[in-house]
Amino acid sequence: MQNTALTKTHTALGAKMVPFAGFNMPVSYEGVNIEHETVRNGVGVFDVSHMGEFLITGPNALDLIQKVTSNDASKLIDGKAQYSYLPNNKGGVVDDLIVYRIANEKYLLVVNASNIQKDWDWISSHNTMNADMKDLSDDYSLLAIQGPKAAVAMQPLTSIDLEAMKFYTFEIADFAGIENVIISATGYTGSGGFEIYCKNSEVQQVWDKVFEAGADYEIKPVGLAARDTLRLEMGYCLYGNDINDTTSPIEAGLGWVTKFSKDFINAEALAKEKEHGAERKLVGFELDERGIPRQGYDIVDSNGNTIGIVTSGTMSPSLGKGIGLGYVPSVFAKPGSKINIQVRKNAIPATVVKLPFYKG
């Protein structure tokens with residue numbers, strides 16, 4: 001079990017620690033609902049240092065990224081980031097990730113903690129153009145400072161204008177007394193905010209100054225449980241739940257980051273699938289009655305026939321009702337369609353809705 005550089009800090013704060021993706025991580029401090037509302041209405045801080053970071057550099061860096069990712073990284077300029085995924089050659093997804101263009105011939109790929117070694121091996125195996133690759137995952141920490149008050153609370157810590165940063169942009173600047181920190185606006189919560197990439201040796205200072213600066217805004221530490229409810233309210237996919245090695249990115253609704261203007265792994269097969277139309281689709285649904293949908297629950301039709309499966313589900317703290325994601329035949333995928341979620345012995349009626357669940 002690996003620890004982040006802040007594990008002792010979390011323990012001292014009374015965090016409930018759990019194993020997650022091979023790391024000892026804080027799942028909650030005060031409780032998921034309190035922490036969820038902190039991010040929706042104020043400002044909260046996540047330690048997500050378990051995420052992986054790969055630096056791809058050199059004259060062939062873009063060629064490699066274009067080959068292994070689905071989105072078109074040639075559209076990036078310095079200071080811009082892009083959501084993408086790594087398609088496998090069997091119609092599934094190796095991982096989803098964010099690509100940052102730091103400079104010409106210099107890119108940072110941020111991947112999921114559970115897939116660091118798998119992603120590294122996959123990308124390396126396709127690096128026939130000999131781009132320079134470095135795995136920085138063990139050397140860097142990552143804090144996500146999220147919520148509508150994040151910009152005003154954190155402004156005293158940096159010389160850049162946080163309010164002016166647009167979604168999916170980043171800057172390399174001073175932050176909390178540290179130089180050359182990546183400040184990124186690529187949040188996973190739907191409530192605005194920033195991610196701070198710094199070295200492990202620097203993160204304790206950053207954490208302490210973040211909480212000093214946020215004291216007047218009732219800043220709180222937030223665990224992975226609330227991170228999950230926040231991302232689910234936005235309808236964001238979680239690797240391992242909603243997408244994996246066997247799920248089709250077209251069925252998962254990732255066609256918008258699948259760009260056939262370039263050649264990439266399994267592009268031809270994915271183009272045919274998109275052209276013919278997906279047989280099933282990942283949809284969002286809300287329960288019409290009391291209940292909590294959970295991952296693995298069956299989705300059934302009005303006759304009790306199993307038509308799909310819940311991939312993510314929870315009781316939404318913002319909406320006060322059960323919500324979830326799941327794959328259903330395309331005929332049931334239109335918003336307003338009626339389905340049922342098998343919660344133990346009860347088939348609870350639910351309605352397919354347009355994402356996100358949380359409108360802000």
Side-chain angles (χ1 to χ4, degrees), residues 36 39-40 70-71 83-85 91-93 96 167-168 187-192 227-244 246-259 270-271 273-343 346-360:
H36 182 107
V39 173
R40 282 283 178 253
S70 63
N71 210 335
Y83 180 65
S84 191
Y85 66 88
V93 179
D96 62 339
F167 199 38
Y168 269 75
Y188 193 52
T189 65
S191 284
R227 185 171 170 82
D228 193 52
T229 56
L230 289 157
R231 72 91 192 168
L232 183 49
E233 285 187 349
M234 295 307 297
Y236 294 151
C237 288
L238 175 64
Y239 194 89
N241 283 43
D242 314 300
I243 50 175
N244 57 42
T246 63
T247 52
S248 157
I250 305 303
E251 292 179 349
L254 297 180
W256 66 283
V257 289
T258 309
K259 301 298 171 63
L270 291 174
E273 183 181 355
K274 189 172 185 179
E275 183 182 347
H276 293 144
E279 292 183 7
R280 61 173 194 159
K281 291 183 179 179
L282 183 67
V283 299
F285 62 84
E286 295 179 355
L287 295 191
D288 299 334
E289 299 175 3
R290 287 178 60 86
I292 304 176
R294 300 291 187 194
Q295 182 189 20
Y297 284 7
D298 285 338
I299 302 174
V300 300
D301 64 15
S302 57
N303 296 318
N305 301 308
T306 299
I307 56 170
I309 193 167
V310 176
T311 55
S312 289
T314 194
M315 173 61 70
S316 165
S318 300
L319 279 64
K321 63 175 73 173
I323 62 171
L325 300 174
Y327 285 93
V328 296
S330 296
V331 67
F332 290 95
K334 189 177 179 180
S337 297
K338 295 297 182 179
I339 56 175
N340 298 276
I341 310 301
Q342 194 69 44
V343 181
N346 300 317
I348 298 180
T351 303
V352 173
V353 297
K354 186 178 180 180
L355 295 172
F357 299 102
Y358 176 76
K359 310 299 187 201

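Numbers for residues simply follow the sequence, beginning at 1.
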(request) Please report the shortest heavy-atom distance between Arg231 and Asn241, naming the atom on each side. (result) NH2-ND2, 4.2 Å

(message) Measuring from atom OH of Tyr327 to atom OG1 of Thr247, what distance do you get when rounded to the nearest 0.5 angstrom?
(response) 4.5 Å

(request) Could you tell me which non-hydrogen atom of Pro293 sits nearest to which non-hydrogen atom of Gly322, and how far apart they are? (result) CD-CA, 3.8 Å

(message) Can a side-chain donor-acceptor contact be found between Glu233 and Ser318 if the only test is distance below 3.5 angstrom?
(response) yes

(request) Without swapping roles, check the side chain of Arg280 against the backbone of Val328 for a donor-acceptor pair under 3.5 Å. (result) no

(message) With a 3.5 Å distance limit and no angle check, can you tell me whether Arg294 reaches the backbone of Ser312 through a side-chain donor-acceptor pair?
(response) no

(message) For the residue pair Asp242 / Thr311, report whether a side-chain donor-acceptor contact shorter than 3.5 Å exists.
(response) yes

(request) Work out which heavy atom in Ser337 is nearest to a heavy atom in Phe332; give both atom names and the distance. (result) CB-O, 3.2 Å

(message) Between Asp96 and Tyr83, do the side chains contain a donor N or O and an acceptor N or O under 3.5 Å apart?
(response) yes

(request) To the nearest 0.5 Å, tell me how far Tyr188 OH sits from Cys237 SG. (result) 7.5 Å

(request) Please report the C-alpha distance between Val353 and Phe285 in whole Å, then the side-chain angles of each, then the deciding distance to 0.1 Å, and finally whether the side chain to side chain contact (heavy atoms under 4.5 Å, CB included) criterion is met. (result) CA-CA 5 Å; Val353 297; Phe285 62 84; 5.8 Å; no

(request) Please report the closest heavy-atom contact between Phe357 and Gly324, naming both atoms and the distance. (result) CZ-O, 3.2 Å

(message) Is a donor from one side chain sitting under 3.5 angstrom from an acceptor on the other, for Tyr358 and Ser191?
(response) no

(request) Supply the atom-to-atom distance Ile339 CD1 to Ile299 CD1, rounded to the nearest 0.5 angstrom. (result) 5.0 Å

(request) Give a yes or no answer on whether the side chain of Asn303 reaches the backbone of Asn305 with a donor-acceptor pair at less than 3.5 Å. (result) no

(request) Would you please say whether a donor-acceptor pair under 3.5 Å links the side chains of Lys259 and Ser70? (result) no

(request) Indicate yes or no for a side-chain donor-acceptor contact from Tyr239 to the backbone of Val93 under 3.5 Å, with no hydrogens or angles considered. (result) yes

(message) Looking at Ser330 and Ala278, would you say the former's side chain and the latter's main chain have a donor-acceptor pair under 3.5 Å?
(response) yes

(message) Under the criterion side chain to side chain contact (heavy atoms under 4.5 Å, CB included), I'd like the reasoning laid out for Thr351 against Lys338: C-alpha separation, chi angles, the key distance, then a yes or no.
(response) CA-CA 5 Å; Thr351 303; Lys338 295 297 182 179; 2.6 Å; yes

(request) Search all heavy atoms of Pro356 against all heavy atoms of Met234 and return the closest pair with its distance. (result) CB-O, 3.5 Å

(message) Just to verify, which of Asp228, Thr189, Thr229, Thr314 counts as forming a side chain to side chain donor-acceptor pair (under 3.5 Å) with His36?
(response) Thr229

(request) Go through the steps to decide whether Asn340 and Asp301 satisfy the test side chain to side chain contact (heavy atoms under 4.5 Å, CB included), and finish with yes or no. (result) CA-CA 6 Å; Asn340 298 276; Asp301 64 15; 5.7 Å; no

(request) Mind checking the OG-CD1 spacing from Ser316 to Ile292? Nearest 0.5 Å is all I need. (result) 11.0 Å

(message) How long is the straight-line distance from CD of Glu289 back to CD1 of Ile341, given to the nearest 0.5 Å?
(response) 12.0 Å

(request) Indicate the atoms forming the closest heavy-atom contact of Ile348 with Gly291, along with that distance. (result) CD1-CA, 4.1 Å

(message) What's the separation between atom CG in Leu325 and atom CD1 in Ile309, rounded to the nearest 0.5 Å?
(response) 13.0 Å

(message) Does Ser248 form a side-chain hydrogen bond (donor to acceptor under 3.5 Å, both in side chains) with Glu273? I'd like the steps, not just the answer.
(response) CA-CA 9 Å; Ser248 157; Glu273 183 181 355; 2.5 Å; yes

(message) Less than 4.5 Å apart, side chain to side chain, heavy atoms only: is that true for Ile243 and Tyr85?
(response) no

(message) Test your reading of the model: is there a side-chain donor-acceptor pair from Lys334 to the backbone of Val331, 3.5 Å cut-off?
(response) no

(message) One thing to verify: whether Lys321 and Asp288 come together as a salt bridge, which I'm taking to mean a side-chain N less than 4.0 angstrom from a carboxylate O.
(response) no

